[in-house]
Amino acid sequence: MLLNIPSALRAFLALTALVFISACTEEPVPEPAPAPTVVPGYALLMDNGYALPPVPPRLLEEPNRRVLVYYTGDEKPGTIEVDRYAKFLYWVMDDGTAWRYPIAVGRLGRSINGDTVINRKVEWPGWTPTANMLRTEPEIYGDFAGGIPGGLRSPLGARALYLYRGGRDTYYRIHGTNDMESIGNSGSAGCIRMFNHDIIHLFEMVPNGTRVVMRSEADSERIEEEYFNRGEELPARRVDPDAIYGEEALMADRPLSEILADQLAEKPTEPEMDASEM
């Protein structure tokens, strides 16, 4: 006996059977790999013709990224407060908030002490190791005694804020870095390092004459209980001089427009056809 099944239901059952057969006989389709993510504020950045690479998301896991917070410290608006123990720098504003940036600080015994004032601001600064750095760690800094000009190779990154005390240069800086792995740790020779994206963000807001205060250990433990003493003590990183002064490094450390112009000039052109070949 034939069942009187409505046509719409018959179509549905047929489609269901087709799906079931397909599921049993075909290989499962693998899901596409997730697209790489970029954290907002840390994407590829063009600055003065240089292409700054994005900061890898794995280095930006909380709290290791720039964030606007309610300020719970003790400093006045218009002050930079550095917490060497929680690895944060605060730019204190007059509405009760502050920009909080992750930083790298000096290795044991190499951190800056006492308050300072920003007396100089430089975009894409060059770097020369100090006499003390050359004397105490010649194996790290000796190959670079002649200095490194401003650009992608410079250890000071995209910006630097020069710290003075009593009108004299302390030789400490708040600056960008091309050693992104160090942020959130103790890894510098004493300066305050920031992601290049963060120092560019801070640089425009901070005028010369800004006071820079070092938060005490007791205040850090009181205020930053969750993040107090976070991070690791990293060894000094030795860089191959060829990665700084080699021909390939020199060619890459130029504004993007120059690199593209060279690539276009090197591109072979199609030979012109003679009339007899047509």
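We're numbering straight along the sequence, starting at 1.
Taking the centre and axis of the six-membered ring of F203, the NZ or CZ atom of R159 falls inside the cone set by 45° and 6.0 Å. In this structure, R238 forms no cation-pi arrangement with Y141, as its terminal cationic atom is not both closer than 6.0 Å to the ring centre and no more than 45° off the ring axis.
In this structure, W99 and M205 have side chains that are in contact, with non-hydrogen atoms separated by less than 4.5 Å. Two residues are said to be in side-chain contact when any heavy atoms from C-beta on lie closer than 4.5 Å; I174 and C191 fail this criterion. No side-chain heavy atom of Y85 sits under 4.5 Å from any side-chain heavy atom of S216. Side-chain atoms of D83 and E224, non-hydrogen and from C-beta on, do get closer than 4.5 Å to each other. Using a 4.5 Å heavy-atom cutoff, the side chains of M214 and I112 are in contact. A 4.5 Å side-chain heavy-atom check between L163 and V212 finds at least one atom pair inside the cut-off. Residues R173 and L161 have side chains not in contact (no heavy-atom distance under 4.5 Å, counting atoms from C-beta outward). Residues V69 and T97 form no side-chain contact, since every pair of their non-hydrogen atoms from C-beta on lies 4.5 Å or further apart.
Between R107 and S188, the side chains place no donor N or O within less than 3.5 Å of an acceptor N or O (distance only, hydrogens not considered). Between the side chains of N229 and R84, no donor-acceptor pair of N or O atoms lies under 3.5 Å. Side-chain contact, D179 with T177: no donor N or O sits under 3.5 Å from an acceptor N or O. Looking only at atom types and distance, the side chain of E123 has a donor-acceptor partner in the side chain of N48 under 3.5 Å away.
Ring orientation note: the planes of Y42 and F195 are nearly perpendicular, at an angle over 60° on the 30°/60° scale.
Salt-bridge formation is not detected for the pair K76/E81: no Lys NZ or Arg NE/NH1/NH2 atom is positioned less than 4.0 Å from an Asp or Glu carboxylate oxygen.
Checked against the 6.0 Å centroid criterion, the rings of H175 and Y162 do not qualify as a close aromatic pair. Taking the ring centroids of Y50 and W124, they lie under the 6.0 Å cut-off.
By the rule that hydrophobic residues join a cluster once side-chain heavy atoms approach within less than 4.5 Å of another member, V39 and L59 end up as members of one cluster. Following chains of ILVMFWY side-chain contacts shorter than 4.5 Å, one cannot reach V213 starting from L89, and the two form parts of different hydrophobic clusters. Under the 4.5 Å side-chain contact rule for hydrophobic residues, Y71 and V67 share a cluster. A continuous path of Ile, Leu, Val, Met, Phe, Trp and Tyr side chains, each step under 4.5 Å between heavy atoms, connects W127 with Y164, placing both in one hydrophobic cluster. V82 and W91 fall within the same hydrophobic cluster, defined by Ile, Leu, Val, Met, Phe, Trp and Tyr side-chain heavy atoms under 4.5 Å apart, directly or through other members.
Scored by the salt bridge (charged side-chain N to carboxylate O under 4.0 Å, His left out) test, R135 finds no partners at all (sequence neighbours excluded). Residues satisfying the side-chain contact (heavy atoms from CB on, under 4.5 Å) criterion with R230, sequence neighbours excluded, are P63, N64, K87, F88, P102, Y227.
Of all non-hydrogen atoms in L68 and M93, the two that sit nearest each other are CD1-CE, 3.4 Å. The two atoms that bring S182 and A104 nearest to each other are O-CB, 3.3 Å, heavy atoms only. The shortest heavy-atom contact between H197 and G41 is CD2-O, 3.5 Å. For the residue pair Y245 and I148, the shortest heavy atom distance occurs at OH-CG1, 3.9 Å. Considering every non-hydrogen atom in both G106 and S186, the closest pair reads O-CB, 3.6 Å. For L156 against G126, the heavy-atom pair with the smallest separation is CD1-O, 3.4 Å.
A distance of 7.5 Å separates CZ in R165 from CG in D115, rounded to the nearest 0.5 Å. In this structure, L260 CG and L264 CG are separated by 6.5 Å, a value rounded to the nearest 0.5 Å. We find the OG1-NZ distance between T210 and K121 to be 7.5 Å, quoted to the nearest 0.5 Å. Here CD1 of I118 is found 7.5 Å from OG1 of T116. Values are rounded to the nearest 0.5 Å. Separation of atoms OG1 (T72) and CG (D219) is listed at 10.5 Å; rounding is to 0.5 Å. The CD1 atom of I183 sits 13.0 Å away from the OH atom of Y101 when rounded to the nearest 0.5 Å.
In this structure, the side chain of S154 engages the main chain of P125 through a donor-acceptor pair within 3.5 Å. A donor-acceptor pair is defined here as one N or O able to donate and one able to accept, closer than 3.5 Å; no such pair exists between the side chain of D143 and the backbone of P241. With N185 contributing its side chain and G187 its backbone, the two residues share no donor-acceptor pair below 3.5 Å. A donor-acceptor pair under 3.5 Å is formed between the side chain of D253 and the backbone N or O of L152.
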Practice prompt. Start with the C-alpha gap between R153 and L250, add the side-chain angles, then the distance that decides, and say whether side-chain contact (heavy atoms from CB on, under 4.5 Å) holds.
Written response: CA-CA 9 Å; R153 295 171 297 151; L250 293 174; 3.2 Å; yes
Worksheet entry | Audit row: E217, R222, salt bridge (charged side-chain N to carboxylate O under 4.0 Å, His left out) steps and yes/no | CA-CA 9 Å; E217 184 175 5; R222 172 177 60 86; over 6 Å; no
Worksheet item: Between V38 and L44, does a side-chain contact (heavy atoms from CB on, under 4.5 Å) hold up when you go through it step by step?
Response: CA-CA 9 Å; V38 175; L44 175 71; over 6 Å; no
Worksheet item: Does the side-chain contact (heavy atoms from CB on, under 4.5 Å) test come out yes or no for I200 and L45, once each step is laid out?
Response: CA-CA 10 Å; I200 289 172; L45 179 63; 3.7 Å; yes
Practice prompt. Before giving the answer on side-chain contact (heavy atoms from CB on, under 4.5 Å), spell out for I244 and V239 the whole-Å C-alpha distance, their side-chain angles and the decisive distance to 0.1 Å.
Written response: CA-CA 8 Å; I244 300 298; V239 178; 4.0 Å; yes
Worksheet item: Please walk me through it: do E75 and R215 pass salt bridge (charged side-chain N to carboxylate O under 4.0 Å, His left out)?
Response: CA-CA 10 Å; E75 300 304 323; R215 181 180 283 177; over 6 Å; no
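Taking a 6.0 Å sphere around CD of E62, one finds it holds more than 12 heavy atoms contributed by other residues, nucleotides or ligands. Within 6.0 Å of atom CD in E225, 12 or fewer heavy atoms from other residues, nucleotides or ligands are found, so the atom counts as exposed in its surroundings.
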